There are 2 protein chains.
Amino acid sequence: MPVHKKKLSEKIDLGGGHRMTPQRQVVYDVLMSSRDHPTATEVFIRVQEKMSSISLATVYNCLDTLAVAGIVKQVNVDREPSRYCGNLAPHAHFHCETCATVMDIDLKDGVEPSGSVKLPRGAKIQKVEVAVRGQCPECVRTNKRKNIS
Amino acid sequence: MPVHKKKLSEKIDLGGGHRMTPQRQVVYDVLMSSRDHPTATEVFIRVQEKMSSISLATVYNCLDTLAVAGIVKQVNVDREPSRYCGNLAPHAHFHCETCATVMDIDLKDGVEPSGSVKLPRGAKIQKVEVAVRGQCPECVRTNKRKNIS
DNA sequence: AATATTATTTAGAATAGTTCTTGATAAAAA
DNA sequence: TTTTTATCAAGAACTATTCTAAATAATATT
Ligand SMILES: [Mn+2]
Ligand SMILES: [Mn+2]
Ligand SMILES: [Zn+2]
Ligand SMILES: [Zn+2]
């Protein structure tokens with residue numbers, strides 16, 4: 001049951017005079033073919049296997065272009081390096097403090113994420129983010145101790 | 001109607017063999033006497049008015065000590081510099097993309113912030129954060145354009 | 001096609017927030 | 001007092017990210 005339904009190497013329109021270059025395509029494919037949330041450096045490492053000449057700067061450029069185009073998401077967890085997510089469906093993130101992974105959490109149908117807060121009246125709401133932190137099921141099971149990196 | 005009820009210069013126990021030093025006290029007082037969410041540098045500037053000899057490194061140290069002790073909160077918004085918050089009551093944050101301020105939002109009584117997400121079964125939940133971004137009421141009123149910093 | 005324009009890539013330099021190192025200072029304990 | 005431990009402060013170091021500038025590639029124009 002893949003979260004990402006688009007098949008690999010699909011040609012995507014970036015809009016705004018932007019081109020879908022080989023580099024951008026490979027970065028995009030890497031994000032679409034994994035359910036995890038790699039950092040720019042991790043994307044770089046995975047991309048290098050398909051395109052060994054690519055540079056880290058280009059990976060940063062591509063990730064930014066794709067994120068601004070709205071076809072991938074940038075996910076920030078505290079002060080840690082940005083992570084990237086190919087799951088465009090509205091969802092929340094769970095961050096395991098033990099193994100440091102970030103995983104998607106589905107939203108409940110019919111329950112607004114903003115339902116628990118008193119939105120400031122007169123404000124224009126653009127996005128509501130829900131982030132959960134704790135210990136993931138696997139780390140709970142294996143009874144790992146807190147990852148003091 | 002002050003959000004922070006403790007009076008200024010209250011002596012606080014930090015636990016764990018930590019001392020409430022003059023520097024920590026001043027940093028703490030600065031956070032408690034404002035409802036905004038200053039960055040470390042902003043705290044540094046405010047603290048300097050009371051204690052001109054303090055260093056930025058010490059402000060960072062103090063903020064970290066106070067945060068670890070749990071008497072102030074560190075608030076992170078995307079890739080921006082960390083902000084600090086003296087409001088210990090459970091609350092969410094609103095981030096205005098126009099004027100870049102961060103303000104507290106109260107939680108609705110009796111509505112769990114985790115209510116909108118499908119928590120991973122077997123996970124140990126430590127904290128659920130709700131963050132709202134958009135345009136604050138004042139920026140909506142004055143019809144400001146987006147702050148392209 | 002040839003030329004001109006624009007976008008992209010790349011390596012390395014630069015930046016910014018934060019952390020680390022180290023020696024001095026101060027407080028607490030013995 | 002002496003010893004131990006914690007803290008401070010200045011600057012160096014670190015790291016994720018962005019910027020710079022030159023080379024390359026794609027696209028548009030003639
Ligand atoms: Mn995700
Ligand atoms: Mn707050
Ligand atoms: Zn885990
Ligand atoms: Zn505003």
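Just so it is clear, the model here is predicted, and its values are computed rather than measured. Protein chains get the first letters and strands the later ones, always in sequence-line order, with residue 1 at the start of each.
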Considering only heavy atoms of chain B and a distance under 4.0 Å, specify the first and last nucleotide of DNA chain C in 5' to 3' order that meet this criterion.
C:dG17 to C:dA28
So, using salt bridge (charged side-chain N to carboxylate O under 4.0 Å, His left out) as the criterion, who are the partners of A:Asp109 when residues are at least two apart?
none
Can you name the residues that form a salt bridge (charged side-chain N to carboxylate O under 4.0 Å, His left out) with B:Asp106, not counting sequence neighbours?
none
What is the distance from [atom1] of [X] to [atom2] of [N], rounded to the nearest Å?
{"X": "A:Arg83", "N": "D:dT17", "atom1": "CZ", "atom2": "C1'", "result": "16 Å"}
{"X": "B:Arg79", "N": "D:dA16", "atom1": "CZ", "atom2": "P", "result": "9 Å"}
{"X": "A:Glu80", "N": "D:dT17", "atom1": "CD", "atom2": "C1'", "result": "16 Å"}
{"X": "A:Tyr60", "N": "D:dT17", "atom1": "OH", "atom2": "C1'", "result": "5 Å"}

Pair up each side-chain donor or acceptor in residues 54-66 of chain A with any protein partner under 3.5 Å, not counting sequence neighbours, and list the distances.
from    : atom 1 : to      : atom 2 : distance (Å)
A:Ser55 : OG     : A:Thr58 : N      : 3.1
A:Ser55 : OG     : A:Thr58 : OG1    : 3.0
A:Asn61 : ND2    : A:Ala57 : O      : 3.4
A:Thr65 : OG1    : A:Asn61 : O      : 2.9

For A:His93, the ring-ring contact (aromatic ring centres under 6.0 Å, His included) test, sequence neighbours excluded, returns A:His37, A:His91
Taking 4.0 angstrom as the limit, do B:Arg46 and B:Asp36 come out as a salt bridge?
yes
May I have the list of side-chain donor-acceptor pairs in residues 15-22 of chain A shorter than 3.5 Å, sequence neighbours left out?
from    : atom 1 : to      : atom 2 : distance (Å)
A:Thr21 : OG1    : A:Arg24 : N      : 3.2

Only counting residues at least two apart or in another chain, list the ones meeting side chain to side chain donor-acceptor pair (under 3.5 Å) with A:Gln23.
none
For A:Arg83, enumerate each residue passing the side chain to side chain donor-acceptor pair (under 3.5 Å) test, keeping only those at least two apart in sequence or located in another chain.
none
Protein proximity profile, nucleotides 5-12 of chain D - base contact B, sugar-phosphate-only contact S, no contact -, cut-off 4.0 Å on heavy atoms
BBSSBBB-
Reckon A:Ser82 touches a base, only the sugar-phosphate, or nothing at all at heavy-atom distances under 4.0 Å?
sugar-phosphate
